[in-house]
Amino acid sequence: MIIIALDPDKDLGEEEKLHNWLKNIIDATKEYVYGYKIGLPLLLAGGPASFRYVRSLARDKFVVADLKLADIGDVMALSIDYLDELGIDGVIAHVFTGYEDALDKLSERARERGLRLILVVSMSHRGSREFIDPYLNNYLSIVKKIGAWGVVAPATRPEIIRLVRRELGGDVKILAPGIGVQGASPGSALCAGADYEIIGRLVTKAHDPRKVIIEIVKMIEESVARCRS
Ligand code: XMP
């Protein structure tokens with residue numbers, strides 16, 4: 001299953017242009033995807049109104065705010081209140097803030113408000129090896145402790161996805177970015193054990209997003225059929 005990352009370029013800052021861009025991509029892809037990931041670039045370009053606009057276009061699709069929260073618990077919980085008012089279904093947070101007075105409060109508020117909490121346990125860029133990956137096992141323990149709905153793990157490093165799947169079992173969803181521009185091929189993360197592949201520029205920068213998403217779906221189907229046979 002696919003989640004499209006909607007990160008607008010700087011030249012889309014004007015509201016009309018931004019809304020046309022969002023509508024064009026969502027109309028072209030919604031038939032083929034599970035949901036949309038929105039984050040700081042969109043928030044900075046179009047403000048909370050742009051989150052509302054995505055919500056209205058994406059209708060029954062999953063919309064997750066990738067704010068990569070990393071603050072004290074009370075402040076992260078406050079962000080959940082705002083996101084809930086905007087109709088957002090899930091939120092992505094970092095896990096390195098720890099449990100006490102951070103993720104305990106965030107997870108409690110997310111549960112109260114009905115938002116799915118997704119924690120970043122590893123990243124696709126090379127710097128992830130410096131300060132994130134050495135703590136992967138500790139992060140996975142916190143994920144289990146708070147009962148997070150999902151985790152983000154890199155499609156560019158399938159061995160991490162396999163490890164995360166082994167450690168967490170089947171109940172926690174794995175969302176994997178890094179397909180396309182960052183190098184992983186469509187379907188590869190699903191084959192390693194992920195539930196969703198997050199795809200941004202490969203689709204959002206395409207001249208014809210509908211054509212590209214149809215090609216991606218085909219590639220995923222072929223790849224998954226191969227790896228599961
Ligand atoms: P592209 O254009 O590279 O966009 O397909 C990928 C999207 O996913 C986000 N991203 C990550 N988020 N851990 C994360 O939590 C990662 O390792 C990672 N790699 C990419 C990125 O913000 C963009 O929206």
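Given the structure is predicted, the values throughout are model-derived calculations rather than measurements. We count ligands from 1, going down the list as the structure has it; atoms in each ligand are counted the same way.
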By ring pair (Phe, Tyr, Trp, His ring centres under 6.0 Å) - contacts of Y135 (at least two apart): none
Whether H19 and Y53 hold their rings parallel, tilted or perpendicular, with breakpoints at 30° and 60°: parallel
D27/K23 salt bridge by N-O under 4.0 Å criterion: yes
Contacts of R113 that satisfy side chain to side chain donor-acceptor pair (under 3.5 Å) - sequence neighbours left out: D81, D84
Those residues that, when tested against D195, pass side chain to side chain donor-acceptor pair (under 3.5 Å) (two or more places apart): R165
D89 bridged to R116 by N-O distance under 4.0 Å: no
Shell of residues surrounding ligand 1, defined by a 4.0 angstrom heavy-atom cut-off that is strict: A5, D7, K37, D66, K68, V120, M123, S124, V152, P177, I179, Q182, I198, I199, G200, R201
